[in-house]
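For reference, the structure is listed below as structure tokens.
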Number of protein chains: 2
Amino acid sequence: MQINRETDYAVRCVLYLCGRKDGAITMADEISSAMNVPRSFASKILQKLSRAGIVASHQGVKGGFSIARAPRNISMLDIVTVIEGPLALNVCLESGESCGLSPSCPVHPYWHTLRTGVEELFAELTFDRFLEDRLPGKPMPPRTPLRTKKTTK
Amino acid sequence: MQINRETDYAVRCVLYLCGRKDGAITMADEISSAMNVPRSFASKILQKLSRAGIVASHQGVKGGFSIARAPRNISMLDIVTVIEGPLALNVCLESGESCGLSPSCPVHPYWHTLRTGVEELFAELTFDRFLEDRLPGKPMPPRTPLRTKKTTK
DNA sequence: TAAAACAAGACTATATTAGTCCAGTATTTA
DNA sequence: TAAATACTGGACTAATATAGTCTTGTTTTA
């Protein structure tokens, strides 16, 4: 019952882009250092967000990323879903609602109810709410990377 | 954002014991096969539940496990907490509410809010609600163990 | 006192997480 | 038009977590 590091980082990236004026194009490098997300991991995450249509990417020299939707229309559920896939809670809720066993399982409907509740909570929290507190740029706490890969030579 | 297998199994075990009349003592073996929980894993899980005071254990020949509290007083949150530890959602919420960085982190309070919401959802779902549907014994769907350890010889 | 259960914890294979790295592609600018 | 700059895609990896099993010991009953 925890979100993973990648999701936390993704939230940070989206938050940073939401905070830029007029959807300004920002390099992964800047986002990464501002939000304390390991550089190359940030790239990967931004790519996922880009494919999902949450951020827009721009290639080439003056390239970078910009926010693709109004913060009002981006929720925590969106981010979690993009990074971790559909919120399932229990494996038996994966793949099309039914594990094929649900009619006989007394717990199944309750997992289902819980999931719906959790989804609502996450969907209600949209990024415009973050910005209320944060106009325009509050510093992000350093987050020590959990693991650092030894750069081979 | 998924509960793990062990928690699912724990819910099954508690559910089974809640369904027994008068808190009857039931062997781990019976619970295990009725609920399709791998035998020795079930033992381990029942031990955790026992230490947490959710089930009671009885040693010796006529030993086994019985439910230790009224189903009304056992919630999904209890089970998740016993098996997975305090629901943290994000690592930065672990260990005493604060990562020491929270005053400067714009996201922290929102993770906190989400966690509170999730906890409430899980706390509201108590085991008496399962029993409404299930008097006294609905079969449990078989759950193929994810991994089977090769019995060495 | 033997047999039946649980208790505690060491042990293990596999999967997932949390990243890194590199070869390629698009875009701008000198 | 060729560098230089920045993203793209995917292969790769070490560390950790998950999902169990196994063994030795203890308690209780008949």
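Basis for what follows: all heavy atoms, side chains included, without hydrogens, waters or symmetry-related copies. Note that the coordinates shown come from a computational prediction; the quantities given were computed from them, not determined experimentally. So you know, we letter chains A, B, ... as the sequences are listed, proteins then strands, and number each from 1.
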> So do A:T126 and A:N73 actually touch side chain to side chain, heavy atoms under 4.5 Å?
Replying inline: no
Between A:L121 and B:G117, the two heavy atoms sitting closest are CD1-C, 3.4 Å
When rounded to whole Å, the CG to C1' distance for the pair B:D8 and D:dG20 reads 15 Å
- Less than 4.0 Å between a side-chain N and a carboxylate O, is that true for A:E30 and A:R20? yes
Double-helix bend of the helix from C:dT1-D:dA30 to C:dA30-D:dT1, axes at both ends from 5 pairs, round to 10°, gives 10°
Considering only heavy side-chain atoms of A:N4, the closest of C:dA18, D:dT21, D:dG20 is C:dA18
Closest to the side chain of A:F65, out of C:dA7, C:dA18, D:dC7, is D:dC7
In terms of relative ring orientation, are B:Y110 and A:F130 parallel, tilted or perpendicular, with 30° and 60° separating the classes? tilted
To the nearest angstrom, the CZ-P distance between A:R5 and C:dT20 comes to 12 Å
For residues 59-71 of chain A, the side-chain hydrogen bond (donor to acceptor under 3.5 Å, both in side chains) pairs (sequence neighbours left out) are A:H58-A:S66, A:R69-A:D78
*State whether the side chain of A:S32 and the backbone N or O of A:V37 hold a donor-acceptor pair below 3.5 Å, judged by distance alone.*
yes
The nucleotide from D:dT21, D:dT8, C:dA5 with an atom nearest the side chain of B:M27 is C:dA5
Here the pair of heavy atoms bringing A:F122 nearest to A:S75 is O-CB, 3.7 Å
With the side chain defined as heavy atoms from C-beta on, B:F41 is closest, among D:dT21, D:dC7, C:dG19, to D:dT21
| said: If the cut-off is 4.0 Å, is A:Y9 near the phosphate of C:dG19, judged by side-chain N/O to OP1 or OP2? | reply: yes
C:dA18, OP1 or OP2 - any side-chain N/O from A:R39 closer than 4.0 Å?
no
When rounded to whole Å, the CE to C1' distance for the pair A:M1 and D:dA17 reads 17 Å
field: B:E124 vs B:M76 side-chain heavy atoms within contact, under 4.5 Å
entry: no
In numerical order, the residues of residues 45-64 of chain B whose heavy atoms come under 4.0 Å of DNA chain D are B:Q59, B:G60, B:V61
Separation of C:dT16 atom P from B:Q2 atom CD, nearest Å, is 10 Å
Item to complete: Please confirm whether any donor atom in the side chain of B:K44 sits under 3.5 Å from an acceptor in the base of D:dG20, or the reverse.
Response: yes
Minimal heavy-atom distance between A:L46 and A:A28, with the atoms involved, is CD1-CB, 3.9 Å
note: A:L17, atom CG; D:dC7, atom P; distance rounded to Å ~ 11 Å
